[in-house]
Amino acid sequence: MGRDTIADIITSIRNADLNRKGTVRIASTRINENIVKILLGEGFLENVRKHRENNKYFLILTLRHRRNKKEPYRTVLNLKRISRPGLRIYSNYQRIPRILGGMGIVILSTSRGIMTDREARLEGIGGEILCYIW
């Protein structure tokens with residue numbers, strides 16, 4: 001059995017957000033770095049830094065939280081894994097779903113790398129739908 005690293009980072013970020021943790025430590029792979037770069041660019045994360053420990057690299061993610069403590073806590077991030085090792089979901093560029101009418105993002109793995117749904121529509125390429133974020 002292989003490990004599903006994308007599901008691992010999504011679960012780690014979701015759990016840290018629900019428990020109001022400020023940082024998350026995940027393993028550094030090329031796929032994880034590309035997904036984190038998209039999350040940072042879209043404003044879902046505040047900061048990312050690479051950390052080396054015993055010849056292994058980790059990514060330290062700083063989550064963006066709501067600052068007002070008087071209101072009840074609401075999660076900022078909602079993440080959902082779509083394509084998984086047991087069931088791959090593919091889409092062409094015309095049928096890529098829109099999350100919340102374009103407010104959320106879809107992360108795709110395409111032949112030109114990992115990108116958001118907006119970039120894939122502009123380039124006219126489809127691919128494997130990795131996850132939804134809103």
Side-chain angles (χ1 to χ4, degrees):
M1 275 269 179
R3 293 194 59 185
D4 189 8
T5 59
I6 299 169
D8 289 344
I9 66 167
I10 287 173
T11 303
S12 297
I13 293 171
R14 185 184 312 119
N15 289 342
D17 190 42
L18 287 173
N19 291 324
R20 300 183 193 188
K21 300 289 183 191
T23 61
V24 180
R25 187 179 116 176
I26 61 172
S28 177
T29 63
R30 200 172 346 154
I31 293 173
N32 290 355
E33 288 178 8
N34 289 333
I35 291 174
V36 166
K37 193 182 300 181
I38 289 173
L39 290 174
L40 185 65
E42 293 289 328
F44 290 108
L45 299 176
E46 281 187 22
N47 191 15
V48 177
R49 62 188 167 98
K50 202 168 192 176
H51 178 69
R52 183 179 176 188
E53 185 176 305
N54 296 335
N55 292 329
K56 292 185 180 180
Y57 288 95
F58 296 97
L59 294 173
I60 309 293
L61 313 177
T62 305
L63 300 179
R64 185 177 301 274
H65 287 289
R66 290 180 39 181
R67 303 283 185 226
N68 191 356
K69 303 223 180 207
K70 293 180 182 177
E71 295 180 13
Y73 183 74
R74 270 190 13 218
T75 59
V76 176
L77 283 173
N78 289 311
L79 301 113
K80 185 176 181 184
R81 175 82 158 119
I82 302 302
S83 183
R84 52 188 212 264
L87 179 64
R88 304 286 186 186
I89 307 294
Y90 296 96
S91 176
N92 62 8
Y93 76 97
Q94 297 157 334
R95 295 182 189 256
I96 297 173
R98 294 187 189 274
I99 306 302
L100 293 178
M103 296 292 289
I105 62 170
V106 177
I107 296 181
L108 294 124
S109 175
T110 66
S111 60
R112 296 185 191 155
I114 295 177
M115 60 179 63
T116 63
D117 55 339
R118 282 178 242 132
E119 295 169 352
R121 282 190 195 97
L122 285 175
E123 293 192 24
I125 55 175
E128 180 182 357
I129 299 175
L130 298 178
C131 59
Y132 297 157
I133 302 167
W134 69 95

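- Between Cys131 and the options Leu79, Ile10, Ile9, Ile105, a side chain to side chain contact (heavy atoms under 4.5 Å, CB included) holds for only Ile10.
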Would Glu33 and Val36 count as a side-chain contact (heavy atoms from CB on, under 4.5 Å) here? Give the steps. CA-CA 5 Å; Glu33 288 178 8; Val36 166; 5.8 Å; no
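- Within the 4.5 Å cutoff, no side-chain heavy atoms of Ile99 are placed close to those of Asp117.
- Listed by first and then second residue, the salt bridge (Lys or Arg N to Asp or Glu O under 4.0 Å) pairs involving residues 82-91 are Arg88-Glu128 (not counting sequence neighbours).
- Considering only heavy atoms from C-beta on, Asp8 comes within 4.5 Å of Arg3 through its side chain.
- Inter-residue side-chain proximity for Arg118 and Thr116 is flagged as met; some heavy-atom pair is nearer than 4.5 Å.
- Taking all atoms of both residues into account, the shortest heavy-atom contact from Leu108 to Gly127 is CD2-O, 4.0 Å.
- Across all their heavy atoms, Tyr93 and Ile125 have their closest contact at CB-O, 3.4 Å.
- In this structure, the side chains of Leu63 and Leu45 come closer than 4.5 Å at one or more pairs of heavy atoms.
- The shortest side-chain heavy-atom distance between Val106 and Ile82 does not fall under the 4.5 Å cut-off.
- Here the side chains of Ile129 and Pro97 are in contact, with some heavy-atom distance below 4.5 Å.
- Side chain of Asn32 to backbone of Ser28: no donor-acceptor contact under 3.5 angstrom is found.
- Residues Thr11 and Arg14 have side chains in contact (heavy-atom distance under 4.5 Å, counting atoms from C-beta outward).
- Residues Thr110 and Gly126 approach most closely at CG2-O, 3.5 Å, considering heavy atoms.
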For Ile107 and Ile6: C-alpha separation, side-chain torsions, deciding distance, then whether side-chain contact (heavy atoms from CB on, under 4.5 Å) applies. CA-CA 11 Å; Ile107 296 181; Ile6 299 169; over 6 Å; no
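- Within the 4.5 Å cutoff, the side chain of Leu59 has no heavy atoms near those of the Arg25 side chain.
- The two residues Ile96 and Arg121 come nearest to each other via the heavy atoms O-NH2, 2.9 Å.
- When all heavy atoms of Leu100 and Gly104 are compared, the closest pair comes out as CB-N, 4.3 Å.
- Applying the 6.0 Å contact sphere to CD1 of Ile60 captures more than 12 heavy atoms from other residues, nucleotides or ligands.
- Listed by first and then second residue, the salt bridge (Lys or Arg N to Asp or Glu O under 4.0 Å) pairs involving residues 90-114 are Arg112-Glu123 (not counting sequence neighbours).
- Nearest heavy atoms, Asp17 versus Leu77: OD2-N, 3.2 Å.
- From Ile35, atom CD1 reaches atom CE of Met115 across 13.0 Å, with rounding to the nearest 0.5 Å.
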